[in-house]
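FYI, the numbering just counts along the sequence from 1.
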Amino acid sequence: MTPDTRGIGKSVHSSDQAAFCKLMIGARKAAGLTQHALAVRLKKPQSFVAKYEGGERRIDVVEFIAIARALGADPLKLIATLLSGAKGKSPRTRTGANRDI
């Protein structure tokens, strides 16, 4: 079955994927972190962050939640921001959140 038949196309280069990348970059910057600092918190190489921020690598929901927690952000609010179309804006909503994973 082709993607067109199912009504779902690849989203790797879609505007929604670009908006997600922009949102994740905005969330990291709002947290005051470099890619390297975030990668250290995630116990991943810096290239992991660079690849998903650049749209070269996609992240699954479990990875997304871990990244949001490492940023001290509420994953639900990040998704709500994405769905509302507020591209690149990142709500910093959890005060006193555990910033280290």
Side-chain angles (χ1 to χ4, degrees):
M1 184 181 278
T2 65
D4 292 293
T5 314
R6 291 182 288 156
I8 301 173
K10 289 198 175 213
S11 62
V12 175
H13 301 292
S14 71
S15 60
D16 289 337
Q17 180 64 22
F20 180 74
C21 292
K22 190 172 182 180
L23 176 76
M24 296 307 289
I25 292 166
R28 177 180 54 78
K29 289 182 177 181
L33 296 173
T34 62
Q35 287 183 347
H36 177 74
L38 176 56
V40 168
R41 288 183 181 191
L42 295 169
K43 297 180 175 125
K44 300 275 189 183
Q46 178 270 333
S47 62
F48 171 82
V49 178
K51 285 179 180 179
Y52 78 73
E53 285 187 357
E56 185 180 339
R57 181 190 192 284
R58 299 187 57 182
I59 56 174
D60 66 28
V61 69
V62 174
E63 290 171 323
F64 169 74
I65 292 168
I67 292 165
R69 287 179 176 162
L71 294 170
D74 182 338
L76 293 175
K77 292 198 178 183
L78 285 173
I79 290 296
T81 300
L82 182 66
L83 292 174
S84 74
K87 298 173 184 156
K89 295 184 180 174
S90 173
R92 294 276 305 171
T93 56
R94 292 182 358 181
T95 56
N98 182 357
R99 302 184 126 227
D100 293 320
I101 290 183

*For the hydrophobic clusters of this structure (ILVMFWY residues joined by side-chain heavy atoms under 4.5 Å, transitively), does one cluster hold both V40 and L71?*
no

*Side chains of F48 and E63: does their closest heavy-atom pair fall under 4.5 Å?*
yes

_Using 0.5 Å steps for rounding, measure from the CG atom of L82 to the NZ atom of K77._
16.0 Å

*Can you name the residues that form a side chain to side chain donor-acceptor pair (under 3.5 Å) with Q35, not counting sequence neighbours?*
Q46, E53

*Write down the atom of R28, the atom of L38, and the distance for their closest heavy-atom approach.*
CD-CD2, 4.0 Å

*Using side-chain contact (heavy atoms from CB on, under 4.5 Å) as the criterion, point out the one residue from L42, V62, V49 that pairs with I67.*
L42

*Distance from C21 atom SG to E56 atom CD, nearest 0.5 Å?*
10.5 Å

*Smallest separation among heavy atoms of L23 and L78, with atom names*: CD2-O, 3.3 Å

*Linking I/L/V/M/F/W/Y whenever any side-chain heavy atoms sit under 4.5 Å apart, do Y52 and I65 land together?*
yes

*With sequence neighbours excluded, what pairs up with A80 under the side chain to side chain contact (heavy atoms under 4.5 Å, CB included) test?*
none

*Calculate, to the nearest 0.5 Å, the distance between atoms OG1 and CZ belonging to T81 and F20 respectively.*
12.0 Å

